[in-house]
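What's counted below: heavy atoms across the whole structure, side chains too, no hydrogens, waters or symmetry copies. Sequence lines set the chain letters: A, B, ... in the order given, protein chains first and strands last, and positions in each chain run from 1.
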Protein chains: 2
Amino acid sequence: MAQTQTFSKNQQIVLDIIEKAKGPLKAYSILFNVQKKGINAPQQIYRALDKLIEAGKIHKIESKNAFVACKNSNCEVSKATAFSICESCEIVDEISDTKLSKYLSKFNHKKGMKFRRFNLEFFGLCKKCKTK
Amino acid sequence: MAQTQTFSKNQQIVLDIIEKAKGPLKAYSILFNVQKKGINAPQQIYRALDKLIEAGKIHKIESKNAFVACKNSNCEVSKATAFSICESCEIVDEISDTKLSKYLSKFNHKKGMKFRRFNLEFFGLCKKCKTK
DNA sequence: ATAACAAACGTTATATTATAACACTATGAT
DNA sequence: ATCATAGTGTTATAATATAACGTTTGTTAT
């Protein structure tokens, strides 16, 4: 049961923008897009991003320093993320593959580490770009 | 058969530093460490890093913007990387698990993407930090 | 209702990470 | 020898992210 979380004004503004976007957004591009709404400083963006990530509403694509909305409505806290990234058109898709996710969540390091979360990024060519 | 590659002066300096290090190094910390050797500008570091990554001698830990030496002597080009990262002491280990690597290399996205490489980062507590 | 606390806000400044652009130098192949 | 390629050195600047400070708002406990 996805408990609906309520966000503050800035958090909601940032979330809206990310959810409307077709692809990952960078922090400063978010900033430029919300200046009309009275947000003027990077801090305000980064603070909102932090909270949204914590809440599992968005994810950071580490290899791109960019942020996408979470597409798994049930992934309240993002402890297991996987993405496919096209190296040509840069399209990013969140992968929700139960098997993969289970496989990785169960993975145990030989050296006795206890994992809390993981992030996986696949790079390649998407269907469209493959045939070009 | 690991064909030995030869590196330029700067590339070798940077590689040496990274290989000697106990953990991931940041680009600017590398820079500060090699100023006595006549390297003065970030560009010189980043250029060397690029080549070393291409050659598979080092990897970038995306979540930390830091660089580690490759521990799989056979991983000439880094197309399949996995790391464990302790969230407490920040220690990073390259995971070389054939099963995991095969599993992920075979993974195919529903949407028909062809993957060329992946990077996986696990976060948690290492053995030492767990018991603290 | 109000005191107390935590969370969010706004702002200025600055730190950190990374690339652009340009001129020069070494190396290796034909 | 000349041509292409990779590497170098340098200055400048872009892009990403955090520190620090004081204020405001929202929640909860009494």
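- Counting all heavy atoms, side chain and backbone alike, A/Val14 lies closest to A/Ala48 at CG2-CB, 3.8 Å.
- Judged by distance alone, with hydrogens and angles left aside, the side-chain atoms of B/Glu54 form no donor-acceptor pair with the main-chain N or O of B/Lys51 at under 3.5 Å.
- With a heavy-atom cut-off of 4.0 Å to chain B, the contacted part of DNA chain D has its first and last nucleotide at D/dG7 to D/dT11.
- The number of heavy-atom neighbours closer than 6.0 Å to CD1 of A/Ile91, taken from other residues, nucleotides and ligands shown, is 12 or below.
- Using five terminal pairs a side, the axes of the helix from C/dA1-D/dT30 to C/dT30-D/dA1 at its two ends make an angle of 40°, given in steps of 10 degrees.
- A nucleotide of DNA chain C counts as in contact with chain B when one of its atoms lies under 4.0 Å from a heavy atom; the first and last such, 5' to 3', are C/dT17 to C/dA21.
- Side-chain N or O atoms of A/Lys130 include one that pairs as donor or acceptor with a backbone N or O of B/Gly112 at under 3.5 Å.
- Interatomic distance, B/Met113 CE to A/Cys126 SG, rounded to the nearest 0.5 Å: 6.5 Å.
- Residue A/Lys64 is classed as having no contact, given no heavy-atom separation below 4.0 Å to the nucleic acid.
- Of the two residues contacting DNA chain C, namely A/Tyr28 and A/Gln44, the nearest-nucleotide position lying further toward the 5' end is that of A/Gln44.
- Using a 4.0 Å cutoff on non-hydrogen atoms, the parts of residues 6-26 of chain A near DNA chain C are A/Ser8, A/Lys9, A/Asn10, A/Gln11, ordered by number.
- A cation-pi arrangement is absent between B/Arg116 and A/Phe123 under the rule of less than 6.0 angstrom and at most 45 degrees off the ring axis.
- Partner of B/His59 under the ring-ring contact (aromatic ring centres under 6.0 Å, His included) criterion, out of B/Phe83, B/Phe118, B/Phe67: B/Phe83 alone.
- The two atoms that bring A/Leu52 and A/Gln11 nearest to each other are CD1-O, 3.7 Å, heavy atoms only.
- Shortest non-hydrogen contact noted between A/Ile18 and A/Ala69 is CG2-N, 3.3 Å.
- Aromatic ring centres of B/Phe122 and A/Phe107 lie closer together than 6.0 Å.
- The 12-atom threshold is exceeded at CG of A/Leu100, counting heavy atoms of other residues, nucleotides or ligands nearer than 6.0 Å.
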Would you tabulate the side-chain donor-acceptor contacts of residues 22-29 of chain B under 3.5 Å, counting partners in other chains and residues two or more places apart, or write 'none'?
| residue | atom | partner | partner atom | Å |
| --- | --- | --- | --- | --- |
| B/Lys26 | NZ | B/Lys64 | O | 3.0 |
| B/Ser29 | OG | B/Lys26 | O | 3.4 |

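- Note on residues 85-105 of chain A: pairs passing ring-ring contact (aromatic ring centres under 6.0 Å, His included), not counting sequence neighbours, are A/Tyr103-B/Tyr103.
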